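I have placed the structure first, in the form of structure tokens, so that the comments after it can refer back to it.
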There are 2 protein chains.
Amino acid sequence: MTAANTPGVMDPPASLRERKKLATRRLLRRAALDLVAERGLANVTVEDIAATADVSPRTFFNYFPSKEAALFGGDPDRAAVLRDRVARQAPGEPALDAVREVMSDDAEAMAAELRALGGDPADWLRRLKVARADPHLRAAQAAQMAMIERAVAEGLAARLGADPETDPYPGVLAAAAVGVVRACMTFWAGSGGTVALGQLIDLAFRALGDGLPEHSALRTSTGTGRKDVHR
Amino acid sequence: MTAANTPGVMDPPASLRERKKLATRRLLRRAALDLVAERGLANVTVEDIAATADVSPRTFFNYFPSKEAALFGGDPDRAAVLRDRVARQAPGEPALDAVREVMSDDAEAMAAELRALGGDPADWLRRLKVARADPHLRAAQAAQMAMIERAVAEGLAARLGADPETDPYPGVLAAAAVGVVRACMTFWAGSGGTVALGQLIDLAFRALGDGLPEHSALRTSTGTGRKDVHR
DNA sequence: ATGTAATCATGCAGAGGATGCAAGATTTTA
DNA sequence: TAAAATCTTGCATCCTCTGCATGATTACAT
């Protein structure tokens with residue numbers, strides 16, 4: 001897969017205005033991650049984030065609808081892209097495989113976005129590990145994922161030709177898949193980025209497809225221990 | 001299973017103070033459900049809810065930490081109970097079965113709590129169906145479920161003797177299971193309570209255990225169509 | 001190059017969510 | 001019945017988030 005058709009990896013915009021917008025967007029996100037990592041979400045105000053990024057507090061809300069969105073939120077139209085990809089990815093293949101491919105790409109795109117912020121990604125992840133226990137943070141991430149889950153559910157419904165109103169299957173499948181991805185990302189962040197996220201997600205989806213075997217489902221597959229997930 | 005050891009179904013407290021507290025708690029919850037159902041979450045303030053329940057706005061926050069908690073929040077110690085039950089339920093059985101039993105009971109307890117509010121539960125569910133599309137509401141429910149998912153993950157880790165820091169499996173299993181239950185509850189609420197929630201959850205877990213078959217996993221099992229889920 | 005249109009940053013005002021504190025009312029207990 | 005514990009309430013306060021107007025910046029067409 002080349003960079004041209006890799007979703008989430010966007011080429012630098014030619015326009016000056018677009019470049020500036022992307023710059024302040026990353027400044028704000030970086031500021032938010034930095035401050036939350038060292039103080040915790042509750043002790044960081046939007047005013048703090050804006051001041052660190054050298055913009056007015058009002059401008060912050062021109063870029064993110066909420067404080068939490070600066071931490072977790074991706075592109076505004078991310079949901080629509082996911083829905084369409086889930087609906088059309090690899091027609092003929094099992095739905096679970098299609099979702100796995102799309103979500104795996106999406107997770108990698110997220111990691112790439114983090115990498116684009118400039119500093120050492122592992123550095124943030126290590127510091128965020130402290131704040132990770134905050135229930136409010138967990139709730140915020142879950143809320144963000146709810147949007148994605150809805151998009152995936154709609155995409156699945158379209159793919160399977162099902163009516164979400166009368167058929168619970170698309171919703172159930174989407175919930176399981178997105179939940180698994182989120183758990184993998186949480187584990188990945190908790191490990192400080194020392195595990196291969198894509199590989200972990202693949203293993204988790206294999207476990208899903210195999211019926212969630214009793215324990216050690218994420219260890220076997222290739223070798224003996226769970227080291228096959230670590231780099 | 002008798003009422004004595006059925007969690008979530010608590011006997012009426014003897015104390016006058018406890019009875020009053022439970023009464024206003026239900027009054028507040030009912031008021032919140034009523035108002036949100038007819039106006040939408042964005043057009044209902046805490047002041048409105050408090051006024052409808054005939055208490056001061058400040059008192060509302062003595063019962064619920066947030067507006068959304070009045071809609072979805074259960075007992076404050078619900079998470080701890082779930083964690084312990086998941087850890088100890090049916091030792092020897094597969095973890096997925098244990099989670100299914102615990103979550104099924106929990107869902108039924110939630111439905112029972114709704115029934116205890118006094119009016120017709122199907123009535124609220126029918127009206128809530130309109131508000132169900134609100135992204136903010138979905139996010140709030142996901143945030144609530146994040147707490148439960150964490151509790152289930154901890155219970156699973158204890159049950160399987162796994163370390164959540166180095167083993168992603170408990171988190172992944174909990175995310176899939178809780179996500180599936182939430183999807184079932186959403187579908188159940190969307191149907192206006194016209195489907196058997198416990199049966200739907202059982203079917204969904206069977207699909208999980210069978211590896212999420214390609215479509216129609218929630219139809220087969222017993223008969224031909226998906227009618228076996230409807231009452 | 002210059003004027004015009006589109007877009008963006010900012011300040012201001014304001015509604016609403018949420019918490020801490022203290023005083024008064026109610027229930028429990030001795 | 002008095003004291004202790006607990007609950008309700010009002011008040012002050014901080015924070016999140018939105019709408020609106022204004023000036024600044026960028027884009028575009030002539």
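As the structure is a prediction and not an experimental result, all values here were calculated from the model.
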Toward the 5' end of DNA chain C, by each residue's nearest nucleotide, B:K20 or B:F64: B:F64
Gap between atoms [atom1] and [atom2], on [X] and [N] respectively (whole Å):
| X | N | atom1 | atom2 | answer |
| --- | --- | --- | --- | --- |
| A:L41 | D:dC14 | CG | P | 20 Å |
| A:L28 | D:dC17 | CG | C1' | 16 Å |
| A:L16 | C:dA6 | CG | C1' | 14 Å |
| B:L22 | C:dT27 | CG | P | 16 Å |
| B:D54 | D:dT8 | CG | C1' | 13 Å |
| B:E18 | C:dT26 | CD | P | 18 Å |
| B:E47 | C:dA15 | CD | C1' | 11 Å |
| A:F60 | C:dG11 | CZ | P | 16 Å |

Shortest non-hydrogen contact from B:A153 toward B:P170: O-CB, 3.9 Å
From the list [options], which nucleotide is the closest neighbour of the side chain of [X]?
| X | options | value |
| --- | --- | --- |
| A:Y63 | C:dG17, C:dA9, D:dT9 | C:dA9 |
| A:R17 | C:dT7, C:dG17, C:dA9 | C:dT7 |
| A:T45 | D:dC15, C:dG11, C:dG17 | D:dC15 |
| B:N62 | C:dG20, C:dT10, D:dT8 | D:dT8 |
| A:V55 | C:dT19, C:dT10, D:dT16 | C:dT10 |
| A:T59 | C:dT10, D:dA27, C:dT26 | C:dT10 |
| B:S15 | C:dT28, C:dG20, C:dT10 | C:dT28 |
| A:F61 | C:dA18, D:dC17, C:dA9 | D:dC17 |
| A:K21 | C:dT28, C:dC8, D:dG19 | C:dC8 |

Over 12 non-hydrogen atoms of neighbours within 6.0 angstrom of CZ in B:R39: yes
Heavy atoms of other groups near B:E38 CD, more than 12 under 6.0 Å: yes
Sugar-phosphate, base or nothing in reach of B:P65, heavy atoms under 4.0 Å: sugar-phosphate
CE-CZ distance between A:M103 and A:R85, expressed to the nearest 0.5 angstrom: 10.5 Å
Identified side-chain contact (heavy atoms from CB on, under 4.5 Å) partner of B:V172 from the options A:T186, A:V180, A:I201: A:V180
Residue whose nearest DNA chain D nucleotide is more 5′ - A:V44 or A:R58: A:V44
